[in-house]
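The structure under discussion appears below in the form of structure tokens.
All chains are named by letter (A, B, ...) in the order of the sequence lines, taking the proteins before the strands, and each is independently numbered beginning at 1.
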There are 2 protein chains.
Amino acid sequence: MYERKIKEDLDCGIIVAMKVFGAKWKPCIIDAISRGAKRPSELHREITTTSARVIDMQLSELVTYGVVSKKIHQGFPLCVEYSLTPLGESIVPLLAQLNAWGLKNKELVKKIDANSDNNEVLSAGKIKWNAASTICQ
Amino acid sequence: MYERKIKEDLDCGIIVAMKVFGAKWKPCIIDAISRGAKRPSELHREITTTSARVIDMQLSELVTYGVVSKKIHQGFPLCVEYSLTPLGESIVPLLAQLNAWGLKNKELVKKIDANSDNNEVLSAGKIKWNAASTICQ
DNA sequence: GCCGATACCGAAAAATTATTCGGTACCTGA
DNA sequence: TCAGGTACCGAATAATTTTTCGGTATCGGC
């Protein structure tokens, strides 16, 4: 018999950070806005690797968490603009660092991914009593 | 009719970074190892908010990506030690920053979470033509 | 009233991740 | 050979996130 329901520890900073901007496309959205894309239609055009719906949804979560703010311009044509709040701005440098790390190591990651496609799981965790990883003594 | 299968852009540094250490418990594991927990049993004792199986699995992925290395000490009792590789070490400062950001803003996040529990979704994204967020002009 | 432009949303389905449960393997000493 | 300690794994299931598809709503003209 199962029980339990997630249990997130909101006193762990990393979990908090991930919750706020750790979703699949949120970093991209924050980045795009920080680079000047303001309107939904612009964002949809910039980020083509996912659907408009996804962007809308994650955008509204970002608004909820106060990372971006939304301005509605009455008039014609209907126009909405998003921009980073101070909280959102404070995320940009972190994103830049994550990005830098990823760029530096992407070739490695690609190579590893390619490998595990061929050789099944490669079982990097199993103790193999012959030919193991690094057996001491 | 659906089609498609994920499409990840491994040229985006952020996506690469998230792929390598963005899972729910990987940051905790990396952190725990960096603070000196070496053996699986120690990790299981340190990280109590998830099961041993999860730790084992994510640990072996970390090994696959070369973030941590594994040493098997033959002898009694059976003993295994994990430690961070240089690649793993390079992640620690990033984690520290994410953590710092999260700690700084956790109260805010908690408050927002509490709110959306009460007031349903709060619809932070919907255009409400009366009482909207920030209507210009 | 209907159209095109812009922005948004609901619900179902698919993909992905996280968890649980129930084992297997190795070693040593009783 | 069996128990006790340590480390690991496979397969089912649950939970969560991402995607798709098919609408709705406002505005200003035609």
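The distance from atom CG of A:L78 to atom C1' of D:dA25 is 9 Å, rounded to the nearest whole Å. Rounded to whole Å, atom P of D:dT16 lies 22 Å from atom CH2 of A:W25. Per the geometry, NZ belonging to B:K19 stands 16 Å off P belonging to C:dA15, to the nearest Å. Rounded to whole angstrom, the span from the NZ atom of A:K38 across to the C1' atom of C:dT6 amounts to 19 Å. Between B:D56 atom CG and C:dT24 atom P there is a gap of 17 Å when expressed in whole angstrom units.
Annotation: side chain of B:K26 is in contact with side chain of B:E61 (closest heavy-atom distance under 4.5 Å). Residues A:L62 and A:I29 are in side-chain contact: their nearest non-hydrogen atoms beyond the backbone lie under 4.5 Å apart. B:M57 has its side chain within reach of B:R53: a pair of non-hydrogen atoms, C-beta onward, lies under 4.5 Å apart.
Distances shorter than 4.0 Å separate none of the side-chain N or O atoms of B:S60 from OP1 or OP2 on D:dC8.
You'll find that the side chain of A:V54 is closest to D:dT20, out of D:dT20, C:dC8, C:dT19. When distances are taken from the side chain of A:K24 to each of C:dT20, D:dT19, C:dC26, the shortest belongs to D:dT19. Comparing D:dC8, D:dA7, C:dA7 by their nearest atom to the side chain of B:K70 picks out D:dC8.
Not a single donor-acceptor contact under 3.5 angstrom links the side-chain atoms of A:R53 to the base of D:dG22.
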